[in-house]
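Quick note on labels: first sequence line is chain A, next is B, and so on, each numbered from 1.
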Amino acid sequence: MALIQFKNVTKTYGTGENPFPALKGLNLTIDEGEFLALMGPSGSGKSTTMNIAACLDTATSGNYLFQNISVENLDTHQRTLLRRNFLGFIFQGFNLLPRSSAIENVELPLIYRGDKKQDRRSAAYEALEKVGLSDWQDHNPNELSGGQQQRVAIARAIVTNPKILLADEPTGNLDSQTSAEIMSLLTSLNQDSGVTIIMVTHEQEMADYSSRVVHFLDGQIRT
Amino acid sequence: MFWNSLILALNAIRRNLLRSFLTVLGIIIGVAAVITMVTIGRGATQSVSDQITAMGTNQLIIRPGQRRGTGSNTPEFRQKDVDIIKNQVTGIAGVAPYSTISSNVIAQAKNYTTLITGTTNDFFTVGNWELGSGRKFQQAELKSGKASCILGTTVKNNLFGNENPEGKRIRIKKFTCEVIGVLKSKGQSTWGTDQDDTVVMPLKTVHRRLLGSLDISRIAVKVEDSNKITSAQRKITELLRESRRLPDNMENDFRVLDMRQIIKTLTGTTRVLTMLLGAVAAVSLLVGGIGIMNIMLVSVTERTKEIGIRLAIGALEKHVLMQFLIEAVVLSSIGGVLGLILATGLSVAGANLMGVPFLFDLRINILAFLFSASIGILFGFVPARRAARLNPIDALRHE
Ligand SMILES: Nc1ncnc2c1ncn2[C@@H]1O[C@H](COP(=O)(O)OP(=O)(O)OP(=O)(O)O)[C@@H](O)[C@H]1O
Ligand SMILES: [Mg+2]
């Protein structure tokens, strides 16, 4: 069953004098349970696609359907609710709150979801355990290595048990050892917990973990 | 949701201690400066009018000569002028003549130079003087020009220290005179002179033994009803012109001053000063406000990114708004309250130091508090609101 559908989606940055078309009519369907890898040269529109998929940004034209709901027709509030309840997002830069500990960062989505204090602490701890960082829960991001920060970001994305996990270059700046650990974590989420995963990567090795690879070129899918 | 936002806001304050501290400091300085200056200024105004009241209100002071060219040939007053005023002007509480001369006084081998004032018992009524101890002059003493005197506290302290001077004699030039009382202290006048630095004697005694003339250099009149001051002033002018035989085409060669006008001028001056201080303080409030504004705006980039993260992981606009509003309110209130406390301390200390009363002014307290608190809230909240309305991805990208 189609979980996500892009129908002729375009995204143009900037207005007036020099508009820049980042997506030029994207058509893509992603089914539930897939592990999709997006590849393509820098600037080909991968992050743009991810942002639209995560309801963080809206398309300039075309339709983006999430569970057959047209996201363009939702207001900010409803899109936030979609994000909160179904989506986990791992940013290309980690985007952790700088002055908050690992566990506070992971706990944050649960606070906004309105979970009770005890529940969210234990859920956050469990998520950190899953990414192997439970010993580091009280450290601020600036006391963590890049790989550890990336894993905090992953823990924050999965703590809400999302239906779909969007990961923008989750291994972008990690060594191969750490990358492999993170990929096996994603694989187990996909296979054991049935989480649909969309992942952007530049490395074929990482793409090999996926069930399907889509190549981007110049704002479109290369066929 | 409110409790969550409160906790998030308190966490944010705790995590950005420096920024929070600077914000609070800006508000403290602004609030404290305005309140302190205005409070002390009001105290000073009050103290000036208090002193003038102590000197005697409803007073008319009559001096020979005019402002311009106070020629030495303008005649002084005589006893008959005092009598005329006393007998022919209605509604008068007292008429006090003054003949003054500076002289050395000696007692118990101590030596002190002071102002000798020759007058009558009307001196007490008109000048609002009271006796600290002893008695006023007797009618017989005034009539015969007896050598009796009443000391101001400064003179008494210099000559007798803590001793009771009553019944003792002091030497003035070639005669001695008996101390019959001591005036209650009045302290410094508005003009900075020591009002207690005087020896009071019957007018006749001063005329005969010290001046060698019958001149009266000043007459002070106390009017019973403040509404009658102007008419009394007019009547006195008329009588004195007649007494001094001034032809119609000649200007007055004396002045009748209304103390109320002097009070008005003086309190007016201090009020202008208070306003000036208030203006200075308002500027410091503004500077404090701009400080707050700067701190808030400098951290906008960081905050916008933070807001982007919060929105991206599921915060609603209202969550973010509530958090930042609470943060701004908490910081502003802390700053405001500390500012009020500091202002009270500074005002009390400053008032003591300057010897003026401490007058708590609720309005200026509320005003200063509200003003700086609203600056804090405005500049803490408005940028946050703008960021919260962005697309999460735009907020994240903000540089
Ligand atoms: N906010 C923006 N304003 C203007 N142009 C933008 C903006 N965001 C992205 N772009 C442009 O859109 C194009 C696609 O950007 P996008 O981030 O999707 O690329 P990407 O495929 O993720 O590249 P990379 O592999 O380097 O992350 C790029 O040319 C980029 O310069
Ligand atoms: Mg990208």
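- Between A:Arg79 and B:Asn391 there is a side-chain heavy-atom pair separated by less than 4.5 Å.
- Between chain A and the residues B:Ser5, B:Ala12, B:Gly314, the most heavy-atom pairs under 4.5 angstrom are made by B:Gly314.
- Note that the CG atom of B:Leu396 and the CG atom of A:Asp57 stand 10.5 Å from one another [nearest 0.5 Å].
- No other option in B:Ile393, B:Leu8, B:Asp394 has as many heavy-atom pairs under 4.5 Å with chain A as B:Ile393.
- Heavy-atom distances place the side chain of B:Arg14, and not its backbone, under 4.5 Å from chain A.
- If you measure heavy-atom distances from A:Leu87 to chain B, you find no contacts under 4.5 Å at all.
- Across all non-hydrogen atoms, the minimal contact from B:Ala312 to A:Phe91 is CB-CZ, 3.6 Å.
- Between chain B and the residues A:Arg99, A:Arg156, A:Arg84, the largest count of heavy-atom pairs under 4.5 Å involves A:Arg99.
- Put simply, the side chain of A:Arg83 reaches to within 4.5 Å of the side chain of B:Pro392, judged on heavy atoms.
- Taking 4.0 Å as the cut-off between side-chain N and carboxylate O, A:Glu104 and B:Arg15 count as a salt-bridged pair.
- The distance from the NE2 atom of A:His77 to the CD atom of B:Glu317 is 10.5 Å, given to the nearest 0.5 Å.
- Interface remark: of the candidates A:Ser100, A:Pro109, A:Cys55, A:Ser100 forms the most heavy-atom pairs closer than 4.5 Å to chain B.
- Taking each heavy atom of A:Asn95 and B:Ile309 in turn, the nearest pair found is O-CD1, 3.3 Å.
- Crowding of A:Tyr13 atom OH: a count of heavy atoms from other residues, nucleotides or ligands under 6.0 Å exceeding 12.
- B:Ile313 CD1 to A:Tyr112 OH: the interatomic distance, rounded to the nearest 0.5 Å, is 6.5 Å.
- Annotation: the span from A:Leu97 atom CG to B:Arg310 atom CZ amounts to 5.0 Å, rounded to 0.5 Å.
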